[in-house]
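In what follows, a single structure is set out as structure tokens and then discussed.
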Amino acid sequence: MTTVYTNIKELFQIRDASIKRVIGSQMKECPSIKNAFIKIKDGVIEDFGKMSDLVVVENQDQIVDVQNTIVTPGYVDSHTHLVFAATREKEFEDRINGLTYEQIAARGGGILNSAARLQDMSEDELYEQALIRLKEVIKTGTTSIEIKSGYGLSMEGELKMLRVIKRLKETELSPGVFMSIKATFLGAHAVPLKYKDNKQDYVDFIIAEMLPKVASENLADYIDVFCEKNYFSVSQMVQILEAGAKYGLKAKVHVNQFNVLGAIKKAVEHNAISVDHLEVLEDEDLESLSNSKTIATALPSCSFFLGLDYTPVHDLMDKDIAVALASDYNPGSTPSGNLNFVFSLACIKMKMTPQQAFNALTINAAAAVELDESVGSITKGKRADLLFFKNIDNLAGIPYNFGTSQIDKVMISGTFM
């Protein structure tokens, strides 16, 4: 049976199958159809168009009238740390009292704090907590997601996290319905205390011991490194990326959050799918990205929570660089996976138009996790991962209503969640 949703007020992000991402002036456009229908069969978009062009097949088409509803593709969150052991409210208070993110990390807080707590939590407990968070972000419109390890910082801890992510991939959200989830191995998220006097030994351990085990269990799609002062150098990032590539793990890396180290150029040279954060950029970074297929992913809710500068997205877009937006959901610097709020921040703080921001949350975000063949736009043959909005008149109504969700229903693979 095919289900046809009719009398849609406006159907946004309709794209031809050949369009994989948008850049430059294309990001200002978000094609739509008013007074539209969309036809779904077996969880896939079969057809869509104007109501005047709809042909109904009796006994084959189930009609659902969704009058006064705006329909869009679901959000794709291409950068998260959704699996973690505990929240970090004390560090939140510390920042209010004047400590910086770097100062908190230097005294054993931050990532090392999360790693210590994770060691004592069982895989089952970690999975149950992560599943709760996953269902929460689905309610706010995320229908595909990337999840990183990185709070294990040991063989046991990293494998535990990646196994939890694999279980989430295999979890039925509804009978026969699974979420599109990509896993990223981020063993190089911070330096464990036992290696604080010899960081290179930990890099060698990641390469020689962790990576073969991760690969043998097929636990990751990507490999990541936090390339930053006091974390991992550009040279160490390159070592890890090259080692990951031997196991078929493509690069998605944390770069330019606090300092410009030349990491973007090297990441591009190693065919990174995306470079993420980018709060600080120099001309050389822009030139490297403008000549590549690498997606530039901004994380505005991290900037909001930590009080950092926001990624200069207009500099990126002016260079025809594909820009994505993601949540960076994690317990320390971004304890929220709500992409509606990211949408609002992109418009309010980064001065992106609603169309630019929506493109960055859908079609470009899908490209940032190589899901552009299946999600990210209203395209025949793509998964019916859709959002149904009520009480708004246009796309700008989503970021305008910051702090509240205007989503009425979320659909994954043709099924309402």
Side-chain angles (χ1 to χ4, degrees), residues 21-24 26-28 75-81 100-102 146 148 224-229 231 251-265 267-268 272-290 292-330 332-334 336-369 399 402:
R21 67 186 73 189
V22 290
I23 61 173
Q26 298 170 346
M27 289 197 68
K28 296 178 181 179
Y75 301 136
V76 178
D77 199 342
S78 64
H79 181 129
T80 84
H81 306 255
T100 66
Y101 182 87
E102 295 96 326
E146 179 261 16
K148 303 177 189 296
D224 196 347
V225 179
F226 185 17
C227 186
E228 186 54 74
K229 287 183 179 178
Y231 291 87
K252 282 175 63 67
V253 292
H254 289 60
V255 292
N256 290 52
Q257 183 172 8
F258 303 108
N259 298 279
V260 174
L261 305 177
I264 288 178
K265 181 179 180 180
V268 168
I273 302 301
S274 72
V275 288
D276 303 9
H277 272 296
L278 316 180
E279 286 87 347
V280 290
L281 288 171
E282 292 183 354
D283 288 344
E284 184 182 9
D285 301 317
L286 297 170
E287 290 303 319
S288 295
L289 286 168
S290 68
S292 77
K293 294 182 179 179
T294 301
I295 304 286
T297 301
L299 310 171
S301 48
C302 177
S303 295
F304 170 82
F305 195 71
L306 294 182
L308 303 176
D309 290 337
Y310 288 84
T311 301
V313 290
H314 285 277
D315 291 344
L316 292 161
M317 291 188 293
D318 288 347
K319 288 285 187 178
D320 287 342
I321 297 162
V323 173
L325 293 166
S327 73
D328 194 23
Y329 190 7
N330 73 79
S333 63
T334 320
S336 169
N338 188 340
L339 288 178
N340 296 293
F341 183 57
V342 171
F343 197 166
S344 295
L345 286 175
C347 295
I348 297 166
K349 294 294 187 179
M350 301 163 79
K351 304 303 180 186
M352 298 180 81
T353 67
Q355 292 76 19
Q356 289 170 329
F358 191 72
N359 280 324
L361 285 165
T362 54
I363 192 166
N364 282 358
V369 281
F402 81 95

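For Gln356 against Lys351, the heavy-atom pair with the smallest separation is OE1-O, 4.3 Å. Shortest non-hydrogen contact noted between Ala365 and Leu325 is CB-O, 4.3 Å. Nearest heavy atom pair, residue Ile321 against residue Ile23, reads C-CG2, 4.1 Å. Taking each heavy atom of Ser288 and Val268 in turn, the nearest pair found is O-CG1, 3.8 Å.
The OG1 atom of Thr334 lies 6.5 Å from the CG atom of Leu306; values are rounded to the nearest 0.5 Å. Rounding to the nearest 0.5 Å places OG1 of Thr353 at 8.0 Å from NZ of Lys28. Thr297 OG1 to Ile273 CD1: the interatomic distance, rounded to the nearest 0.5 Å, is 11.0 Å. Remark: Leu345 CG to Tyr310 OH distance equals 5.0 Å, nearest 0.5 Å. For the atom pair SG (Cys302) and OH (Tyr329), the distance works out to 14.5 Å, reported to the nearest 0.5 Å. For the atom pair CG of Leu361 and CG of Asn359, the computed distance is 9.5 Å after rounding to the nearest 0.5 Å.
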Using the side chain to side chain contact (heavy atoms under 4.5 Å, CB included) rule, take Asn364 and Met27 through it: C-alpha gap first, then chi angles, then the decisive distance, then the call. CA-CA 10 Å; Asn364 282 358; Met27 289 197 68; 3.9 Å; yes
Stepwise, does the side chain to side chain contact (heavy atoms under 4.5 Å, CB included) test hold for Glu284 with Val260? CA-CA 10 Å; Glu284 184 182 9; Val260 174; over 6 Å; no
CA sep, side-chain torsions, deciding dist, call: Val275, Asn256, side chain to side chain contact (heavy atoms under 4.5 Å, CB included): CA-CA 9 Å; Val275 288; Asn256 290 52; over 6 Å; no
In sequence, state the C-alpha distance, the side-chain angles, and the governing distance for Asp315 and Leu281, and then conclude on side chain to side chain contact (heavy atoms under 4.5 Å, CB included). CA-CA 9 Å; Asp315 291 344; Leu281 288 171; 5.6 Å; no
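Considering Asp224, Asn330, Thr80 in turn, Asp224 is the only one that fulfils the side-chain hydrogen bond (donor to acceptor under 3.5 Å, both in side chains) rule with Lys148.
The main-chain N or O of Ala272 is found under 3.5 Å from a side-chain atom of Thr294 such that the two form a donor-acceptor pair. Looking at Glu228, its side chain does come within 3.5 Å of a backbone N or O of Phe258 through a donor-acceptor pair. Proximity of a side-chain donor or acceptor of Ser303 to a complementary backbone N or O of Asp309 within less than 3.5 Å is detected. Judged by distance alone, with hydrogens and angles left aside, the side-chain atoms of Ser344 form a donor-acceptor pair with the main-chain N or O of Pro399 at under 3.5 Å. Between the side chain of Ser301 and the main chain of Ser327, a donor-acceptor pair closer than 3.5 Å is present. Side-chain N or O atoms of Asp285 include one that pairs as donor or acceptor with a backbone N or O of Glu282 at under 3.5 Å.
Put simply, the side chain of Leu299 does not reach to within 4.5 Å of the side chain of Thr311, judged on heavy atoms. Considering only heavy atoms from C-beta on, Met350 comes within 4.5 Å of Pro300 through its side chain. Using a 4.5 Å cut-off on side-chain heavy atoms (C-beta onward), Leu308 and Gln257 make contact.
No side-chain N or O of Asn338 forms a donor-acceptor pair with one of Ser336 less than 3.5 Å apart. A donor-acceptor contact closer than 3.5 angstrom is absent between the side chains of His79 and His277.
Between Lys319 and Glu287 there is a salt bridge, since at least one side-chain N of the basic residue sits less than 4.0 Å from a carboxylate O of the acidic one.
Annotation: side-chain hydrogen bond (donor to acceptor under 3.5 Å, both in side chains) contacts of Tyr75 (sequence neighbours excluded): Asn340.
Between Phe341 and Phe304, the ring-plane angle classifies as perpendicular under the 30° and 60° cut-offs.
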